[in-house]
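All remarks here apply to the structure that follows.
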Amino acid sequence: MSRVLPLSGFPEWSPQERIVEAHVVRELRRVFELHGFGEIETRAVEPVARLSGDSEAAKEIYTLGRLNAEADADAKLGLHFDLTVPFARYVEERQGQVQFPFRRYQIQKVWRGERPQEGRYREFYQADIDVVGRDQLPAHLEVEVAVVMARALAALPIPAVTMHVNNRKLVEAFYRGVGVSDVSGALRSVDKLAKIGPEGVAKELAAQGVSETASDAVLALAAIKSSDVGFVEAINDLWETSTLSPGFEEHQVALAEGIAALTALVSGVNAAVPGCAVADLRIARGLEYYTGSVYEAFVEGHEDLGSICSGGRYDSLVGGGGFPGVGLSVGVSRLVGRIIAAGLATATRSVPSAVLVAVVEEEARGASAAIADRLRARGIPTEVSPNAAKFGKQIQYADRRGIPFVWFPGDGADGEVKDIRSGEQVVADAGSWEPPAEDIRARVVPG
RNA sequence: GUGGCUAUAGCUCAGGUGGUAGAGCACCUCGUUGUGGUCGAGGGGGUCGCGGGUUCAAGUCCCGUUAGCCACCCCA
C-alpha cells in the first residue's frame, strides 16, 4: 500500500464542482416535475440474469457478493448499468399497483465496467424520463417526452442542444420495401456511418447479402437530414425512384405511419424549443428493442463528447410485453464533466457561506456566533471564522473560498460588514442587514 | 478486452551521451505589530509510481508490474 491515488472512471468532484452538478440535477428535476413526472428510486442491484439479457452488456456488469460468500452462491447480484432495465422490473413487479400511463423520472448512479476516458465513466449519474402504458401507448407521448427533455436540456448552462430524431418503423418499412431482409443487421451498419463512411457501410451491407441497389437506397435514406419537414418529400421521392422488392405494398402503410410520426415529432419539439430537433434518417441506436421514435442529442460545439442524451420507444421491454413505453436518458456526469473541464459554467463560490463573521479574540467568539445566528435566522448562510487571526488573514480565508462578505463585530453595536470584492464597508445591524439577493446562495454562472 | 503514449514538489513541467534533484505557479513568514488582493525579501516542502536487474555509480539504461492519458470496442 503506497500512496492514495484516484481511481480512473470514478469521478469525485470538489465542493465547487459539486455545486455545478447539483445545479444541473436541480434544473432537470424542476423541468421534469413541471411536466408532471414523479420520481422513483430503484435499488442499485438487480439479479445478474435480469441485467445480462444482452450479452454485449453483460461484459460491463459489476457483480456483487459478500467477501466470504460461498463460491457456488447463486442468485448473483449486479450493479445496474442503466435505469431502464430496473425501471422495467419495477413496473412488472408493481403492475397491479401503478396507474397507467405511468410517467416517472429517475436520477441515479449507474455502473459500467468499461475503459474510462473523457466523458466515459465507470460510475456516473443518469437522468431518465419514461412513460409506460398498459397494452397501448398513444403516439403523442413520443412527442411529449422529447419536448420535456428538450426543455430540460435547454435549461442547463450549456450551448444549444440538437436532438437528432428518427423512426424505426419508418426505417424498417423502407428497408423491407427495398429488399433488405436483415433489418437490424443493416441498422447496426448504418449506425457506424459517421465512423466508417458510406463505403464502409456499403461493404458491410454487401457482406450481409444486401443487393447493390438496396444498399444504395439504404445509404440514400441515411443521407436525408432536415431541421423541418423537408425530409418527407425527400423520402417519398427516394421511395418512388427506388427499385422496390416484390410485395413492397405491404410496407407502404407502415412507411406512411412512420413518416407521420416523425413529422409530428420534429414539429412538436421545434415548436417547444425552436431549432432543437433535426430529422436525421441515419440515427439508428444500437439497441434492439426500439420500435418507434429514436432520439440522440448532442451539444453544439461539443460533438466530440458524443451523445449526451438518447432514447426511444420500445414495445416489449418488460418481460413478455404488454407495457409499451418511451423514454430518454441524460448522461448527467458526462455533461457535468464537460461543463467543468471546458469551463462552460462555474459556481460563484466553493462554499455555501455568504458571510464570514470575523472573530476579534477567542474570548469574544460568542459575540461572533450570536451575530452569525441572527443572520442565519433570516436565511443567510453564515460561518464564523475558525480562528482569531489578524483580520487580513480572516479576510483572506473568505476570499479564497469566494465568500463575498466579512462581518467585523464592534464594541456594543453589531459592527461593520465589508463586501470584499468592492472593498465597501458599512455599519450594519445583524437583525436587518441583507446581502443582495444574488449573493445569498452560491450560483452557477456561465464561464 | 486490444493497441499506443506517459509516470519527477500540492499543480504544470524541465532534467543531451548514467555522476548525490530544478523552474514557474501555489503554500508559509516578514516588510505592513488587527482590514486581504499588488510589490519586495526570505522559507518549507520530492519514497523521482512500485519491484527487480546492469553498473564503482541509475530520475536517466534493461525487464516486470501498477496506475494514468489517448484510440479501438461500446456507449450517457
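A note on names: the letters A, B, ... follow the listed sequences, proteins ahead of strands, and every chain is numbered from 1. Below, each value reflects all heavy atoms present in this structure, side chains not excepted, and no hydrogens, waters or symmetry copies. On a predicted model such as this, the values are computed, not experimentally measured, just so you know.
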Interatomic distance at [atom1], [N] relative to [M], whole Å:
N	M	atom1	answer
B:A7	B:C50	P	13 Å
B:U29	B:U35	P	16 Å
B:A14	B:G4	C1'	24 Å
B:G51	B:U66	P	15 Å
B:G15	B:G19	C1'	14 Å
B:U55	B:G46	P	32 Å
B:G49	B:U33	C1'	46 Å
B:A58	B:C39	P	43 Å

In whole Å, what is the span from the [atom1] atom of [X] to the [atom2] atom of [N]?
X	N	atom1	atom2	value
A:W111	B:C74	CH2	P	25 Å
A:I129	B:A76	CD1	P	15 Å
A:K192	B:C75	NZ	C1'	14 Å
A:F10	B:A67	CZ	P	12 Å
A:D304	B:C69	CG	P	16 Å
A:Y397	B:C28	OH	P	14 Å
A:I403	B:U35	CD1	P	20 Å
A:Y105	B:A76	OH	P	22 Å

- Task: Calculate, to the nearest 0.5 Å, the distance between atoms CD and OG belonging to A:E383 and A:S368 respectively.
- Result: 12.5 Å

- How far does OG1 of A:T348 sit from CD1 of A:I19, to the nearest 0.5 angstrom?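 Separation between the atoms: 7.0 Å.
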
- Message: What I want to check is whether an N or O donor and acceptor connect the side chain of A:Q425 with the base of B:U35 at under 3.5 Å.
- Response: yes

- Do A:R400 and B:C27 have a side chain to base donor-acceptor pair shorter than 3.5 Å? no

- Query: Does A:I196 or A:G331 map to a spot on RNA chain B nearer the 5' end, using the closest nucleotide for each?
  - Reply: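 In this pair, the answer is A:I196.
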
- Can you tell me if A:S333 uses its side chain to pair, donor with acceptor, with the backbone of A:Y125 under 3.5 Å?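 Yes, A:S333 side chain to A:Y125 backbone: donor-acceptor pair under 3.5 Å.
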
- Which dot-bracket notation, 5' to 3', represents the base pairing of RNA chain B when pairs are defined as Watson-Crick or G-U with both distances under 3.5 Å, crossing pairs as [ ], and inter-strand pairs as |? (((((((..((((.....[..)))).(((((.......))))).....(((((..]....))))))))))))....

Show me the side-chain donor-acceptor pairs of residues 291-298 of chain A shorter than 3.5 Å, one per line, residues at least two apart or across chains.
unit_1, atom_1, unit_2, atom_2, d
A:T291, OG1, A:D315, OD2, 2.9
A:S293, OG, A:E142, OE1, 2.5
A:Y295, OH, A:E142, O, 2.6

Here's one to test your reading of the geometry: is the NZ or CZ of [X] within 45 degrees of the ring axis of [Y] and under 6.0 Å from its centre?
X	Y	answer
A:R421	A:F405	yes
A:R104	A:F87	yes
A:R94	A:Y90	yes

- Under 4.0 Å between a side-chain N or O of A:S310 and OP1 or OP2 of B:A76?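 Yes, A:S310 has a side-chain N/O under 4.0 Å of OP1/OP2 on B:A76.
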
- Determine: side-chain N/O of A:K393 to OP1/OP2 of B:U29, distance under 4.0 Å, yes or no. yes

- Which nucleotide in B:U35, B:C74, B:A76 has an atom nearest any side-chain atom of A:I395: B:U35

- Item | Ring centres under 6.0 angstrom apart (A:Y105, A:F37) |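 No, the ring of A:Y105 stays outside the 6.0 Å limit from the ring of A:F37, centre to centre.
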
- Message: Taking the six-membered ring for Trp, are A:F100 and A:F323 closer than 6.0 Å centroid to centroid?
- Response: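 Yes, close enough.
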
Contact class for [X] (heavy atom, under 4.0 Å): base, sugar-phosphate, or nothing?
X	answer
A:V336	nothing
A:E114	base
A:G119	base

- With sequence neighbours excluded, what pairs up with A:E362 under the side chain to side chain donor-acceptor pair (under 3.5 Å) test?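 Partners of A:E362 under the side chain to side chain donor-acceptor pair (under 3.5 Å) test: A:R365.
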
- Would you please name every residue forming a side chain to side chain donor-acceptor pair (under 3.5 Å) with A:W433, sequence neighbours left out? none

Detail all sub-3.5 Å separations between protein N/O atoms and N/O atoms belonging to nucleotides 41-43 of chain B.
none

- Would you call the rings of A:Y121 and A:W13 parallel, tilted or perpendicular, where under 30° means parallel and over 60° means perpendicular?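 Aromatic pair A:Y121/A:W13 classed perpendicular.
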
- Query: So A:Y314 and A:Y290, would you call those rings parallel, tilted or perpendicular, with 30° and 60° as cut-offs?
  - Reply: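 Rings of A:Y314 and A:Y290: tilted, as their planes differ by 30° to 60°.
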
Atom pairs under 3.5 Å, N or O on each side, protein against nucleotides 37-39 of chain B: can you list them with distances?
unit_1, atom_1, unit_2, atom_2, d
B:G37, N1, A:I420, O, 3.4

- Task: Could you check whether A:Y121 and the base of B:A76 form a stacked pair, meaning centres closer than 5.5 Å and planes differing by less than 30°?
- Result: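 Not stacked by the 5.5 Å and 30° rule.
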
- Query: Near A:E12 CD, under 6.0 Å, is it more than 12 heavy atoms from other residues, nucleotides or ligands?
  - Reply: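 Counting other residues, nucleotides and ligands, CD of A:E12 stays at 12 neighbours or fewer.
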
